[in-house]
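To keep things clear, I will list the structure first and then write my remarks on it.
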Amino acid sequence: MPKIILITHQKGGVGKSTLTFNLVQNFATNSRVAVLDFDLQGSLSQLKELVTDFEIIPYTEKVEKILELEYDFIFIDTPPYLSNHLPKLISVADLIIVPTKAGILDLLAIKSTLAIIEEEQRTEDTLIVFNMIKPNTTLTLDILIGLEEYNVKIAKTHISDLVAFTRSVLLKGVTNDKNAQKQIDQLTEEILTKLI
């Protein structure tokens, strides 16, 4: 049975799809991996013809079918709103990743997503990832303090706002940028440790 990794946050623009793509690309080096594009915008589904290292499965309403797929890992990219499928997706996920930028509006928006995770009693299986972080900002520390009330683990690895990540979907990953690849490798290690 595959390990299910759900990438979710109700706010758009936090880099869910790009982070999902880079993690899937990284996992695919040693595993059979698929990404389920649950976002009706289909950002990742549009790349289906370009990728060769993993499979992209377009949106399906049948959440239970996910568990029948024969992969080592299945990543699920969710839409930028709270869909009625989210509680079910949270319940089947082995790990829930909530990417967020270090902004006040992102902190306010994360509350609804974390409330659903808490309702499903999956806080222990959740990891907040700071994504698209600007260098030399003190705001990250302020947001870290603001997140303490949720009792959710925060990844030690912060993903920077690098051009390499923006271009990664066209270049099949970030292997040409050592700093970006190091960050994705470190986050991959944190995710695998949390799954074990």
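In this structure, CG in Leu19 is found 10.5 Å from CE in Met132, a value given to the nearest 0.5 Å. Note that the CG atom of Asp77 and the NZ atom of Lys16 stand 7.0 Å from one another [nearest 0.5 Å]. In this structure, Lys111 NZ and Ile116 CD1 are separated by 15.0 Å, a value rounded to the nearest 0.5 Å. Here the CZ-CG distance, from Arg122 to Leu6, works out to 9.5 Å after rounding to the nearest 0.5 Å. Rounded to the nearest 0.5 angstrom, Thr175 OG1 and Ile184 CD1 are separated by 12.0 Å.
Shown here are the side-chain contact (heavy atoms from CB on, under 4.5 Å) partners of Ser45, two or more places apart in sequence or in another chain: Asp37, Ile56, Pro58. A search for salt bridge (Lys or Arg N to Asp or Glu O under 4.0 Å) contacts involving Asp106 returns Lys11, not counting sequence neighbours. With sequence neighbours left out, Asp53 forms a side-chain contact (heavy atoms from CB on, under 4.5 Å) with Gln25, Ala28.
The environment of Glu149 atom CD is dense: over 12 non-hydrogen atoms of other residues, nucleotides or ligands sit within 6.0 angstrom.
The backbone N or O of Leu95 lies less than 3.5 Å from no partner atom in the side chain of Asp125, so there is not a single donor-acceptor pair. No donor-acceptor distance shorter than 3.5 angstrom exists from the side chain of Gln10 to the backbone of Ser112, with no hydrogens or angles considered. With hydrogens and angles disregarded, a donor-acceptor distance shorter than 3.5 Å links the side chain of Thr29 to the backbone of Asn26.
When every heavy atom of Ile117 is checked against every heavy atom of Thr123, the shortest pair comes out as CG2-N, 3.8 Å. Taking all atoms of both residues into account, the shortest heavy-atom contact from Glu124 to Lys194 is O-NZ, 2.7 Å.
At a threshold of 4.5 Å between side-chain heavy atoms, the hydrophobic network of Ile, Leu, Val, Met, Phe, Trp and Tyr places Leu147 and Leu108 in one connected group. Residues Ile74 and Leu89 share a hydrophobic cluster, clusters being chains of Ile/Leu/Val/Met/Phe/Trp/Tyr side chains in contact below 4.5 Å. Ile90 and Val129 fall into different hydrophobic clusters, where Ile, Leu, Val, Met, Phe, Trp and Tyr residues are linked whenever their side-chain heavy atoms come under 4.5 Å apart, directly or through other members. A single hydrophobic cluster is not seen to contain both Phe38 and Val14; linkage of ILVMFWY side chains at heavy-atom distances under 4.5 Å, directly or through other members, places them apart. Transitive grouping of hydrophobic side chains (ILVMFWY, heavy atoms separated by less than 4.5 Å) brings Leu44 and Leu50 into a common cluster.
Side-chain atoms of Thr188 and Leu23, non-hydrogen and from C-beta on, do get closer than 4.5 Å to each other. Counting heavy atoms from C-beta outward, Leu195 and Ile5 have side chains that approach closer than 4.5 Å. In this structure, the side chains of Phe73 and Ser31 come closer than 4.5 Å at one or more pairs of heavy atoms. Side-chain atoms of Phe27 and Ile191, non-hydrogen and from C-beta on, do get closer than 4.5 Å to each other. A 4.5 Å side-chain heavy-atom check between Ile4 and Ile76 finds at least one atom pair inside the cut-off. Here the side chains of Tyr150 and Thr126 are not in contact, with every heavy-atom distance at 4.5 Å or above.
Checked by atom type, the side-chain pair Gln181/Asp177 shows no donor-acceptor distance below 3.5 Å.
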For this session: Take Asp72 and Arg32 through the salt bridge (charged side-chain N to carboxylate O under 4.0 Å, His left out) test and state the conclusion after the steps.
Result: CA-CA 5 Å; Asp72 299 316; Arg32 294 172 303 148; 3.2 Å; yes
Problem set entry | Chi angles and distances behind the ring pair (Phe, Tyr, Trp, His ring centres under 6.0 Å) call for Phe21, Phe54 | CA-CA 10 Å; Phe21 177 88; Phe54 58 89; 5.8 Å; yes
Show which side-chain atoms of residues 96-105 pair as donor or acceptor with protein atoms under 3.5 Å away, not counting sequence neighbours.
none

Using distance only, find each side-chain donor-acceptor pair of residues 151-170 under 3.5 Å and give its atom names and separation, not counting sequence neighbours.
residue, atom, partner, partner atom, Å
Thr157, OG1, Glu190, OE2, 2.7
Ser160, OG, Gln183, NE2, 2.9
Asp161, OD2, Lys134, NZ, 2.4
Ser168, OG, Asn22, OD1, 3.3
Ser168, OG, Asn22, ND2, 2.9
Ser168, OG, Phe165, O, 2.6

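The salt bridge (charged side-chain N to carboxylate O under 4.0 Å, His left out) analysis of residues 19-29, with sequence neighbours excluded, yields no pairs.
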